[in-house]
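These values consider heavy atoms only, across backbone and side chains, with no hydrogens, waters or symmetry-generated copies.
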Amino acid sequence: MQDVQLSSIAVLLAAAAIAAPIARTLGIGTVLGYLAAGAIVGPFGLGGLFSTGEAKEILHLAEFGVVLLLFLIGLELRPLRLWSMRGAIFGLGGAQVAITAILLTAIALGFALPWKSALFMGLALALSSTAFALQVMEENGELATKHGRLGFAVLLFQDLAAIPLIALAPLFAVAFVADAPQLDYFAAAKTIGVIAAVAGIGWLTLDVFIRLVAQTRVREAMTAAALLTVVTAAAIMQWAGVTASLGAFIAGALLAESSYRHQLEADIQPFEGLLLGLFFTAIGMSLDLDLLVASWREVVIFAAILVAVKAIVLYGLGRWQGLNSRGARRLGLSLSQGGEFAFVLFAAGFSAGVLTKDTQSLLVLVVTVSMIATPFLLLIDSRLTRKTPATQAYDALPESTGHVVIAGFGRYGQIVARILRARKIPFTALDIDAEQVELVKKFGSEAFFGDASRPDILEAAKVGDARALVLAIDDVEASLRIAEFVTSTWPKVPIYARARNRNHAHRYLDLGVARVQRETFLSALETTKQLLKGLGDTDREAERTVKTFRAHDERRLAEDYKHYTDMEKMQAKARSDAATLENLFEEDAKETAAAAAKAKAAE
């Protein structure tokens with residue numbers, strides 16, 4: 001982007017910073033805000049601040065946001081989850097692409113297009129925008145619903161289907177371009193070989209590489225390693241003639257079982273969010289308003305046909321999958337637009353002689369307008385059906401299926417995890433020590449590398465959806481930062497905390513964390529009970545003494561909280577409590593002796 005000056009970058013950042021909050025405030029979604037901002041500052045907008053060439057450069061750079069999105073999607077697709085979704089991915093996703101493509105192809109044939117061009121257009125337009133749909137569903141809080149999960153499965157199949165479509169574009173050629181390339185079977189074989197090689201080498205080396213970087217405990221090195229992983233995989237795929245998104249997706253999928261998955265996700269997400277915003281802004285900038293004005297009837301009609309066909313097909317398939325009417329409708333509207341892969345396919349189609357230049361330009365406008373229509377349609381649907389009960393969340397299953405997040409996987413956290421595992425209660429364990437994570441994995445435990453005191457790591461571990469959070473880390477200040485963030489962000493998530501000492505426990509109480517256990521208290525009581533028995537006490541006497549002390553100390557812990565920051569009062573109270581405890585034991589001893597004498601006299 002040599003031609004784009006710093007002033008232009010400032011304009012882009014200002015457009016993103018201003019447009020997204022305004023759009024969110026208006027309730028139309030940030031994506032539409034980005035598109036509108038791009039149209040305003042673009043070469044065809046009011047200001048004309050960017051040339052057409054600059055807009056194309058920005059769009060090319062911003063496409064890396066889609067690459068990062070596919071990497072994060074890959075990180076989420078652990079093999080077991082991918083296998084459990086196979087029916088929705090290949091069944092529902094395959095049915096959606098096939099049925100939509102057939103209907104759109106038939107419509108295109110009605111406009112006297114050659115059958116090869118019509119079929120290519122039908123297939124390209126059958127794909128929805130992964131970035132757009134996921135962003136919209138996330139903003140509306142629908143990703144965790146059943147229709148959100150089904151939509152994710154459809155989008156994943158579409159992303160996979162885009163790869164062979166791009167590679168096989170020459171098969172659809174109808175010689176609009178005199179020097180249109182022919183299908184190169186050697187290149188196709190090379191592509192398959194590169195994909196296999198990337199998957200194999202990545203499976204053997206990626207986790208080792210990330211582990212070595214993690215052991216340095218240099219935060220920016222982990223961020224650089226994460227970005228390097230994505231960029232390298234994407235660059236290799238581009239060299240092989242395949243979309244960079246596939247390389248990123250493969251890299252993410254290979255790291256889905258990695259101990260560093262949550263850390264990588266937290267490091268990548270800020271870049272992904274910013275670049276996706278820039279991507280949507282660049283799409284708005286590339287909107288040819290002159291052509292739109294000249295051909296607005298055709299664009300609006302074709303966009304309406306596209307949205308209607310996809311929405312109807314997805315609605316029917318959603319009902320087939322057991323969705324209620326509202327859920328199926330939300331699925332259909334969320335995925336009714338054309339996708340970013342369509343832009344790539346149209347460019348490949350023009351280069352291969354499948355489409356004319358005029359047709360390509362018109363289709364780009366149709367896809368862009370369909371994107372713009374999506375948030376409006378969803379907003380209208382929400383307003384019209386706001387009294388209708390929301391679709392039941394896909395994860396709203398019996399409580400026993402919820403997960404527990406364990407922050408800290410040392411001696412304390414491992415004991416908690418072993419019991420949870422024995423009870424078959426799922427958990428996500430986080431620890432900042434990479435060596436510790438690798439060590440416990442050798443003994444069959446499952447843990448992930450990640451600094452649990454970072455909010456983004458907690459969000460990546462989905463603490464907000466957890467049944468409980470166990471604070472088992474030994475860093476006092478870090479544990480308090482976590483407690484403060486969780487209690488303010490997800491106040492309904494119960495916290496079970498390990499306290500280093502009494503002061504630590506009191507500071508937890510300041511934050512509203514009531515389920516606190518001092519780390520050595522119970523074990524010290526048990527040791528003392530064994531000691532008393534070794535010194536001659538009966539089991540009953542030792543048990544009674546320890547029980548009395550525990551009740552007294554826990555009562556004192558609660559009373560001390562009122563003035564735990566006043567050291568003088570605490571010292572004075574400690575002395576008076578020591579005397580009180582001595583009196584309690586003396587009274588207890590007298591009661592015990594009296595009871596023994598009474599029992600002996602009764603004999």
Side-chain angles (χ1 to χ4, degrees), residues 23 28-36 38-39 59 62-63 65-66 69-70 93 96-97 99-101 103-104 107-108 121-140 142-143 147-148 150-159 161-162 165 245 276-277 279-284 286-288 292 298-315 317-318 328-346 360 362-382:
I28 59 176
T30 59
V31 173
L32 193 56
Y34 290 131
L35 290 172
L59 180 60
E63 285 173 353
V66 182
L69 174 66
L70 266 294
Q96 182 273 327
V97 170
I99 297 172
T100 306
L103 293 175
L104 293 176
I107 293 171
M121 286 172 50
L123 289 168
L125 293 173
L127 307 182
S128 304
S129 172
T130 300
F132 202 97
L134 289 182
Q135 184 82 358
V136 170
M137 286 193 290
E138 182 179 9
E139 287 182 359
N140 292 330
E142 296 180 344
L143 274 180
H147 71 263
L150 291 177
F152 176 81
V154 171
L155 291 168
L156 178 58
F157 179 84
Q158 292 178 355
D159 291 337
L165 281 178
S245 300
L276 268 185
F279 172 75
F280 293 125
T281 304
I283 289 178
S286 62
L287 188 63
D288 190 339
L292 179 60
E298 292 89 342
V299 172
V300 171
I301 291 172
F302 293 153
I305 292 173
L306 173 63
V307 169
V309 169
K310 297 185 76 171
I312 291 171
V313 170
L314 283 162
Y315 177 85
L317 292 174
R329 190 171 60 253
R330 299 294 290 184
L331 171 65
L333 293 176
S334 297
L335 276 65
S336 62
Q337 75 289 134
E340 58 273 353
F341 279 124
F343 299 136
V344 180
L345 284 166
F346 294 152
Q360 179 197 5
L362 184 65
L363 289 174
V364 168
L365 270 179
V366 169
V367 170
T368 305
V369 170
S370 72
M371 287 182 174
I372 294 173
T374 300
F376 281 116
L377 293 172
L378 288 169
L379 181 62
I380 293 171
D381 178 71
S382 296

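For the side-chain contact (heavy atoms from CB on, under 4.5 Å) test with Val309, the passing option among Ile312, Leu306, Ile305 is Ile305; the others fail.
Residues satisfying the side chain to side chain donor-acceptor pair (under 3.5 Å) criterion with Thr374, sequence neighbours excluded, are Gln337. Not counting sequence neighbours, the partners of Ser129 by the side chain to side chain donor-acceptor pair (under 3.5 Å) test are Glu340.
The minimum heavy-atom distance linking Leu314 with Gly332 is given by the pair CB-CA, 3.6 Å. Across Ala303 and Ser370, no two heavy atoms sit closer than the pair CB-N, 4.3 Å.
The backbone N or O of Ala126 lies less than 3.5 Å from no partner atom in the side chain of Thr100, so there is not a single donor-acceptor pair. Using a distance-only test at 3.5 Å, with no hydrogens or angles considered, a donor-acceptor pair links the side chain of Arg330 to the main chain of Leu378. Side chain of Ser336 to main chain of Ala311: no donor-acceptor pair is present (N/O by atom type, distance under 3.5 Å, no hydrogens or angles).
A heavy-atom distance below 4.5 Å is not found between the side chains of Leu335 and Lys310. A 4.5 Å side-chain heavy-atom check between Val367 and Leu125 finds at least one atom pair inside the cut-off.
For the atom pair CG (Leu331) and CD (Gln96), the distance works out to 9.0 Å, reported to the nearest 0.5 Å. Atom CG of Leu363 and atom CE of Met121 lie 4.5 Å apart (nearest 0.5 Å). In this structure, OG in Ser334 is found 11.5 Å from CG in Leu150, a value given to the nearest 0.5 Å. Here Phe376 contributes atom CZ and Leu333 contributes atom CG; the two are 14.0 Å apart, rounded to the nearest 0.5 Å.
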